[in-house]
Amino acid sequence: MKRKIVFATNNAHKLEEVAAILGEEFEVLGLRAIGCTADIPETSDTFAGNALQKAQYVKEHYGYDCFADDSGLEVDALDGAPGVYSARYSGGGSEENMSKLLYNLTGKSERGAQFRTVIALLIGEEPRYFEGIVRGTIIGERRGEGGFGYDPVFAPKEAGGLSFAQMTAEAKNAISHRGRATKKFAEYLLKEETGK
Ligand code: IMP
């Protein structure tokens, strides 16, 4: 029987992506699959803190080994904002978030930014963290139709001027913050926890 591990998310796309990597060795269960419908608190001011909070909630209430992620956009000229507040930056949706971001950067020549993901893994007592970062620039207007969140205004430095929203999902995953953190995490889990 495969070993069960919970990914503390309700995002079907994220679950699918991780299950595709870990699926041979682990049965990856989402929150819905374990009957967790709670709105798990995320009150930390760091990505690692929020990811750990979610993993700890599942461990405490359901007893499973668990991992969780937290991501966001950190803009150099805004001292790392919106950071952990990326989803809630404007109080509206992605369109309003991008509008607020572009407005706050009006007239600023410094356009550097990065997306960051931290995954917290709880197996045993001590949490382990895995981080992925992708550097790029905030472009002056929205470009592309794909992706989600801030993708239309973020051009990763590896993509020759394309925004994340102009890339295929595969091309984005290969260089993205989430893709990089997931790769490190999966390598660790498969090697250290299954001996492969
Ligand atoms: P989450 O922790 O993965 O849910 O990400 C939190 C927020 O950061 C999202 O709601 C988006 O606003 C932003 N974000 C995280 N990853 C991405 C990405 O790959 N593209 C665009 N926005 C992202």
Side-chain angles (χ1 to χ4, degrees), residues 7-18 28 30-32 38-58 66-76 78 80-105 111-121 129-139 141-159 162-185:
F7 184 2
T9 184
N10 279 317
N11 182 320
H13 179 72
K14 286 186 186 176
L15 266 174
E16 219 172 273
E17 220 172 82
V18 171
V28 183
L31 290 174
R32 201 162 299 126
D39 194 8
I40 302 176
E42 289 181 54
T43 53
S44 172
D45 59 2
T46 65
F47 296 120
N50 281 331
L52 181 62
Q53 228 177 351
K54 288 186 269 189
Q56 268 170 343
Y57 186 95
V58 169
C66 185
F67 62 96
D69 72 342
D70 198 42
S71 311
L73 177 67
E74 299 175 312
V75 178
D76 299 351
L78 304 177
V84 292
Y85 306 105
S86 292
R88 308 162 258 169
Y89 190 40
S90 64
S94 294
E95 277 306 317
E96 290 80 10
N97 286 343
M98 284 188 285
S99 296
K100 178 170 177 181
L101 180 66
L102 295 180
Y103 177 79
N104 285 342
L105 288 174
R111 308 294 290 195
Q114 62 187 25
F115 276 112
R116 189 207 303 247
T117 294
V118 176
I119 296 175
L121 170 66
Y129 299 98
F130 306 86
E131 186 176 78
I133 286 176
V134 56
R135 292 278 318 163
T137 53
I138 303 300
I139 50 183
E141 74 291 317
R142 294 159 174 77
R143 272 190 230 144
E145 304 294 326
F148 72 102
Y150 297 88
D151 279 350
V153 296
F154 181 82
K157 72 172 168 21
E158 291 95 333
L162 293 181
S163 77
F164 259 169
Q166 292 175 303
M167 298 169 70
T168 62
E170 292 71 31
K172 179 185 166 187
N173 284 341
I175 60 165
S176 79
H177 49 312
R178 192 172 300 100
R180 286 173 171 160
T182 303
K183 187 156 176 276
K184 286 188 199 167
F185 159 72

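Both counts, for ligands and for their atoms, begin at 1 and track the order of listing.
- Residue G72 has at least one heavy-atom neighbour below 4.0 Å for each of these atoms of ligand 1: 8 (O).
- Set against the non-hydrogen atoms of D151, the atoms of ligand 1 under 4.0 Å away are 18 (C), 19 (O), 20 (N), 21 (C).
- Here the protein heavy atom with the shortest distance to atom 23 (C) of ligand 1 is F115 CE2, 3.4 Å.
- Numbered from 1 in the order shown, with element, the atoms of ligand 1 that lie under 4.0 Å from a heavy atom of D70 read 2 (O).
- In the vicinity of K172, heavy-atom distances shorter than 4.0 Å reach the ligand 1 atoms 18 (C), 19 (O), 20 (N).
- Ring geometry, F185 versus F130: the interplanar angle exceeds 60°, so the pair is classed perpendicular (tilted spans 30 to 60°).
- Interface atoms of ligand 1 facing G149, defined by a heavy-atom separation under 4.0 Å, are 21 (C), 22 (N).
- To the nearest 0.5 Å, atoms NZ (K183) and CD1 (I119) are separated by 12.5 Å.
- In terms of heavy atoms, V58 sits closest to I40 at CG2-CD1, 4.4 Å.
- Heavy atoms from both the backbone and the side chain of F148 come within less than 4.0 Å of ligand 1.
- The pair R178-E17 does not meet the salt-bridge criterion, since no charged nitrogen lies less than 4.0 angstrom from a carboxylate oxygen.
- Heavy-atom proximity to K14, at under 4.0 Å, picks out these atoms of ligand 1: 1 (P), 3 (O), 4 (O).
- Using a non-hydrogen distance threshold of 4.0 Å, S176 does not register as a contact of ligand 1.
- Remark: side-chain polar atoms of R180 are paired, donor with acceptor, to backbone N or O of I133 under 3.5 angstrom.
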